[in-house]
Amino acid sequence: AAVDNTKKDEHHHEFALMTAAHILMRLTQEGKTIEEIARYDFDNNMELVTVWTDYMIAVNWMYKDSNNGSRRWIATYNGKKWIDKYYEIRNR
């Protein structure tokens, strides 16, 4: 009998998106730095956090606001929708 990995793949995909949404939320809503998130949330895994950060910039979920030297991360409309989805999944 063939092994059905659909559930496993779904879970992996959901976990990946939860990771992205978590990083997005910490950067844009809590004002954390990439370094802080890597250190406190992902066992110093800078690569994981920077890869997701680059991805979220590429898909237009967030951008860095350089106005008035603020250097803050801002979630776009799509980014905010992902944060909402993150809360939905987390609170199931």
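Heavy-atom basis, side chains included; hydrogens, waters and symmetry copies ignored.
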Problem set entry | Partners meeting side-chain contact (heavy atoms from CB on, under 4.5 Å) with Tyr87 (sequence neighbours left out) | Met25, Gln29, Ile83, Arg90, Asn91

Seminar exercise, completed: Here the gap from Arg39 atom CZ to Asp41 atom CG, rounded to the nearest 0.5 Å, amounts to 11.0 Å

Problem set entry | Residues in side-chain contact (heavy atoms from CB on, under 4.5 Å) contact with Asn78, at least two apart in sequence or another chain | Trp61, Thr76, Lys81

Exercise. Which distance, rounded to the nearest 0.5 Å, do you find between the OG1 of Thr33 and the CZ of Arg26?
Worked result: 9.5 Å

Exercise. For Leu27 and Met62, which heavy atoms make the closest approach, and how far apart are they?
Worked result: CD1-CE, 3.5 Å

Exercise. What do the steps show when you test Trp73 against Ile57 for side-chain contact (heavy atoms from CB on, under 4.5 Å), and what is the final call?
Worked result: CA-CA 10 Å; Trp73 289 103; Ile57 293 165; 3.6 Å; yes

Just list the side-chain donor-acceptor pairs under 3.5 Å for residues 46-53, sequence neighbours left out, or say none.
| unit_1 | atom_1 | unit_2 | atom_2 | d |
| --- | --- | --- | --- | --- |
| Thr50 | OG1 | Met46 | O | 2.9 |
| Thr50 | OG1 | Glu47 | O | 3.1 |
| Thr53 | OG1 | Val49 | O | 2.7 |

Exercise. Any sub-3.5 Å donor-acceptor pair from Asp65's side-chain atoms to Asn67's backbone N or O?
Worked result: yes

For this session: Sequence neighbours left out, what pairs pass ring-ring contact (aromatic ring centres under 6.0 Å, His included) with at least one residue falling in residues 20-43?
Result: His22-Phe42

For this session: Could you pull out the closest heavy-atom pair between Arg71 and Lys64, with the gap in Å?
Result: O-CE, 3.2 Å

For this session: List the atom of Ala75, the atom of Gly79, and the distance in Å for their closest heavy-atom pair.
Result: CB-C, 4.4 Å

Problem set entry | Connected-component partners of Tyr63 among ILVMFWY, side-chain separation under 4.5 Å | Ile74

For this session: Report the residues that fulfil side chain to side chain donor-acceptor pair (under 3.5 Å) with Glu88, sequence neighbours left out, ordered by chain and then residue number.
Result: none

For this session: Mark yes when over 12 heavy atoms from residues, nucleotides or ligands other than Asp54 sit less than 6.0 Å from its CG; otherwise mark no.
Result: yes

